[in-house]
2 protein chains.
Amino acid sequence: MSVTMKDIAKEAGVSKATVSRVINKDAYVSENTRKKVMDLVQKYDYKPHTVARGLARDLSHTLGLMIPGPPRDITDPFFLEFLHGVGNKAAEYSYSLSLPTVSEKDKRELYEEGINFNQLDGVIIVNPKVNDFRIEYFQEEDLPFVFLGRPLKNRDDVCWVDGDNVGGAYEAVEYLIEQGHEKIACITGTDEFVASRLRFKGYKQAIEENNLEFDENLIVSGEFTRESGYQKMKELIAQGNSFSAVFAVSDSMAIGAIRALKEEGIAVPEECAVMGFDGIDLGAYTEPRLTTVRQPAYELGEEAVESLINLINGNKNFNWHKVLDLELLIRDSV
Amino acid sequence: MSVTMKDIAKEAGVSKATVSRVINKDAYVSENTRKKVMDLVQKYDYKPHTVARGLARDLSHTLGLMIPGPPRDITDPFFLEFLHGVGNKAAEYSYSLSLPTVSEKDKRELYEEGINFNQLDGVIIVNPKVNDFRIEYFQEEDLPFVFLGRPLKNRDDVCWVDGDNVGGAYEAVEYLIEQGHEKIACITGTDEFVASRLRFKGYKQAIEENNLEFDENLIVSGEFTRESGYQKMKELIAQGNSFSAVFAVSDSMAIGAIRALKEEGIAVPEECAVMGFDGIDLGAYTEPRLTTVRQPAYELGEEAVESLINLINGNKNFNWHKVLDLELLIRDSV
DNA sequence: CTGAAAGCGCTTACAG
DNA sequence: CTGAAAGCGCTTACAG
């Protein structure tokens with residue numbers, strides 16, 4: 001049983017209320033009693049009991065991180081790095097985490113059943129969809145949340161952190177163009193995810209602004225997994241249209257694509273260059289090593305927590321929309 | 001504000017105490033009032049407030065997971081998979097997680113400063129060392145804990161889950177022997193970690209029981225990282241002793257070793273076979289793909305949580321020592 | 001089998 | 001600037 005507020009109060013000869021005030025940096029405490037209390041706090045290394053405080057303030061001091069279900073699930077290295085950032089930052093502010101794996105199914109019921117939201121101070125959700133029911137859901141519940149990934153339409157009432165998808169994709173494709181490629185295929189993601197659209201937008205923009213021909217036939221759409229990258233690459237090859245490079249909107253798909261290319265006896269990058277997106281560790285170990293655009297997953301995790309805590313504390317003066325720069329990671333597949 | 005125990009009590013015409021009893025499956029509640037209460041619980045989808053219960057019972061309902069610091073840190077894919085298992089299982093029992101990254105330094109102070117242990121119901125710690133101060137530390141604190149990895153000496157008073165290190169290593173090396181290798185080098189880990197010793201023990205046992213010569217000169221010791229695997233492989237090559245295979249006690253080191261071998265123009269597996277240990281995803285993407293022993297990281301995470309919750313609940317009748325089988329994963333590097 | 005009451009460790013109007 | 005008191009939502013002896 002560690003030392004409690006009552007103990008401190010008694011020894012300082014003040015009331016618990018007063019101790020509480022100095023702990024919480026309330027104004028209106030005389031310098032004298034503040035010092036007296038603080039000395040005791042030091043002496044006993046007193047730390048307020050988070051759970052009790054939570055009860056009194058109706059806060060749980062725990063954050064929910066809704067992990068996406070398949071196809072892009074937590075084993076995705078990108079999320080793991082993200083999670084790492086979240087975990088560390090939360091610990092820094094001594095928040096706990098709740099990590100329920102929640103299916104992506106577009107059913108509110110699943111949400112409502114699954115998680116005891118009323119015992120969470122806020123949640124981090126990922127992978128915004130084009131029409132994302134979770135936004136209104138959490139707004140109705142009046143539960144603070146931040147999105148990893150921006151929603152399609154810019155809204156002042158939702159807080160998010162994201163990598164610069166359009167810019168990153170643009171940069172990636174422009175690099176391909178600089179290397180002399182003119183026919184550039186694209187393995188994009190499902191249309192329902194905002195990230196797919198944004199990255200595809202960057203691709204298209206780069207093509208058009210560099211006066212290349214945009215060719216519908218060179219576009220296929222996968223599901224962010226290695227398997228789907230492999231499949232879609234096979235389809236692309238089977239179709240017989242010529243291209244000398246392919247841009248996949250996720251590393252996992254790019255890695256699947258490389259495998260398909262090799263299987264078909266097409267040399268990477270000599271006969272077909274491959275550009276990924278994400279910057280997962282795995283890309284440094286493929287043959288050839290994957291050239292890609294790196295998302296700062298760890299930092300995104302930290303920022304998400306910072307924002308969420310601001311939201312929870314009712315702090316209005318911070319940046320509700322943070323976009324972090326991406327960085328071209330030149331390796332050997334282009 | 002969701003429905004509370006008081007609300008249920010009022011509507012059922014009983015006291016809060018009674019409601020509490022039926023919620024907690026206390027004996028001695030008449031079938032009649034139990035039913036009355038349960039109906040209301042259903043009707044309002046009442047869920048007890050974990051925080052309040054925690055306060056009353058002096059439990060926080062959160063688990064600590066002490067992530068190891070460098071060299072083997074959380075970005076290690078093995079831990080990430082482990083964490084995934086932990087997170088899911090904890091959520092299933094609606095426990096929260098606290099994930100402070102704590103340095104591995106052998107200083108109690110770091111521990112004491114870092115974490116507010118008195119607000120954790122129990123902790124999971126990883127990577128037991130040969131003489132691990134954490135055991136007595138948590139025992140003195142009287143905080144339930146489970147180890148991922150068995151301690152060196154079998155102790156009835158500590159609870160752990162682990163993969164079968166000796167058996168797994170034995171199997172790996174025996175497979176190498178079956179493939180005709182007789183001079184098998186070993187990149188082991190630092191001596192202070194129990195896992196290093198155990199895996200090395202399996203290696204040695206396989207060598208000796210198959211009547212091969214155990215050669216000290218073929219043993220080097222790394223730090224579980226890719227970088228150190230790379231370094232140690234270079235040293236092994238520089239020493240000039242001949243060998244046709246190498247067993248690394250972690251995949252990360254094995255992957256580093258492959259890189260070194262390639263750099264020196266030694267073909268894998270033709271001129272030197274490489275066997276890893278762990279079964280991380282990355283191994284499926286190296287050239288050649290890594291043959292290894294797979295540890296069930298996810299399951300280990302689940303088991304760790306199950307054990308810890310048993311411990312917390314004062315349940316004595318469960319298996320304090322769980323060892324999960326490992327599985328040879330035959331790919332192309334042997 | 002059930003209820004009244006005290007308590008878990010804190011916070012927060014209210015009053016002074 | 002400070003204290004007494006009620007309250008957060010539950011649990012648990014104690015008494016009946």
Side-chain angles (χ1 to χ4, degrees), chain A residues 1-38 40-41 44-62 94 96 116-121 312-314, chain B residues 1-38 40-41 44-62 94-95 116-121 312-314:
Chain A
M1 217 61 307
S2 39
V3 41
T4 150
M5 186 173 268
K6 189 157 64 168
D7 304 331
I8 302 275
K10 191 150 97 192
E11 186 158 343
V14 300
S15 71
K16 285 186 297 167
T18 299
V19 176
S20 174
R21 288 191 186 100
V22 354
I23 295 297
N24 293 298
K25 301 188 176 34
D26 228 63
Y28 307 121
V29 186
S30 78
E31 195 43 50
N32 235 323
T33 82
R34 152 165 286 120
K35 185 160 177 355
K36 208 163 39 177
V37 170
M38 283 313 275
L40 262 3
V41 166
Y44 293 113
D45 189 27
Y46 167 74
K47 301 215 169 67
H49 192 297
T50 330
V51 170
R53 169 182 288 172
L55 223 213
R57 286 196 185 152
D58 195 25
L59 291 176
S60 65
H61 229 65
T62 115
S94 54
S96 293
N116 229 333
F117 284 120
N118 53 4
Q119 287 168 199
L120 260 24
D121 291 351
I312 291 170
N313 293 335
Chain B
M1 212 63 308
S2 38
V3 41
T4 151
M5 186 173 267
K6 188 157 67 168
D7 304 331
I8 302 275
K10 191 151 97 192
E11 186 157 344
V14 300
S15 71
K16 285 187 298 168
T18 299
V19 176
S20 174
R21 289 190 186 100
V22 353
I23 295 296
N24 293 297
K25 302 188 175 36
D26 229 64
Y28 307 121
V29 186
S30 77
E31 194 44 51
N32 235 321
T33 83
R34 152 165 287 120
K35 185 161 177 353
K36 207 163 42 178
V37 170
M38 284 312 277
L40 261 4
V41 166
Y44 293 113
D45 190 27
Y46 167 74
K47 301 214 169 69
H49 192 296
T50 329
V51 171
R53 169 182 287 174
L55 223 213
R57 286 194 185 156
D58 195 25
L59 291 176
S60 65
H61 230 66
T62 114
S94 54
Y95 270 81
N116 229 334
F117 285 121
N118 54 3
Q119 287 168 201
L120 259 24
D121 291 352
I312 291 171
N313 293 334

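In what follows, every chain begins at residue 1, and chains take the letters A, B, ... in the order their sequences are listed.
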Reported [atom1]-to-[atom2] distance for the pair [X] and [Y], which is rounded to 0.5 angstrom:
X        : Y        : atom1 : atom2 : result
A:Leu55  : A:His61  : CG    : NE2   : 14.0 Å
A:Arg57  : A:Asp121 : CZ    : CG    : 10.5 Å
B:Arg34  : B:Ile23  : CZ    : CD1   : 10.0 Å
B:Leu120 : A:Ser96  : CG    : OG    : 7.0 Å

Look at [X] and [N] and indicate whether a side-chain polar atom (N or O) is within less than 4.0 Å of OP1 or OP2.
X       : N      : answer
A:Ser30 : D:dC1  : no
A:Ser20 : C:dT12 : no
A:Thr4  : C:dC8  : no
B:Tyr46 : D:dG9  : no

Atom pair distance, as rounded to whole Å: [atom1] in [X] and [atom2] in [N]:
X       : N      : atom1 : atom2 : value
A:Asn32 : D:dC1  : CG    : C1'   : 12 Å
B:Asp58 : D:dC10 : CG    : P     : 18 Å
B:His61 : D:dC10 : NE2   : C1'   : 13 Å
B:Lys47 : D:dG9  : NZ    : P     : 17 Å
A:Leu59 : C:dT11 : CG    : P     : 11 Å
A:Lys16 : C:dG7  : NZ    : P     : 11 Å
B:Arg53 : C:dG9  : CZ    : C1'   : 18 Å
B:Leu55 : C:dC8  : CG    : P     : 10 Å

Look at the side chain of [X] and decide which nucleotide, out of [options], has an atom nearest to it.
X       : options               : answer
B:Met5  : C:dC10, D:dC10, C:dA4 : D:dC10
A:His49 : C:dG9, C:dT11, C:dT2  : C:dG9
A:Pro48 : C:dT2, C:dC10, D:dT11 : C:dC10

*Taking only residues two or more places apart in sequence or in another chain, which ones pass salt bridge (Lys or Arg N to Asp or Glu O under 4.0 Å) with B:Lys35?*
B:Asp39

_Counting C-beta onward and ignoring hydrogens, is there a side-chain heavy-atom pair between B:Arg21 and B:Val14 closer than 4.5 Å?_
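No - every pair of side-chain heavy atoms lies 4.5 Å or more apart.
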
*Do B:Thr18 and B:Lys36 come close enough that some side-chain heavy atom pair is under 4.5 Å?*
no

*Identify the two heavy atoms, one from B:Tyr46 and one from B:Thr4, that lie closest to each other, and give their separation to 0.1 Å.*
CE1-C, 3.8 Å

*How would DNA chain C look in dot-bracket form, 5' to 3', counting Watson-Crick and G-U wobble pairs with both distances under 3.5 Å and writing | for bases paired to another strand?*
|||.||||||||.|||

*Using a cut-off of 4.0 Å on non-hydrogen atoms, how would the nucleic acid contact of B:Val19 be classed: base, sugar-phosphate, or nothing?*
nothing

*In terms of the nearest nucleotide of DNA chain C, which residue is placed more toward the 5' end: B:Ala52 or A:Arg57?*
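The answer here is B:Ala52.
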
*Could you check A:Glu31 against A:Ala17 and say which one's nearest nucleotide on DNA chain D is further toward the 5' end?*
A:Glu31

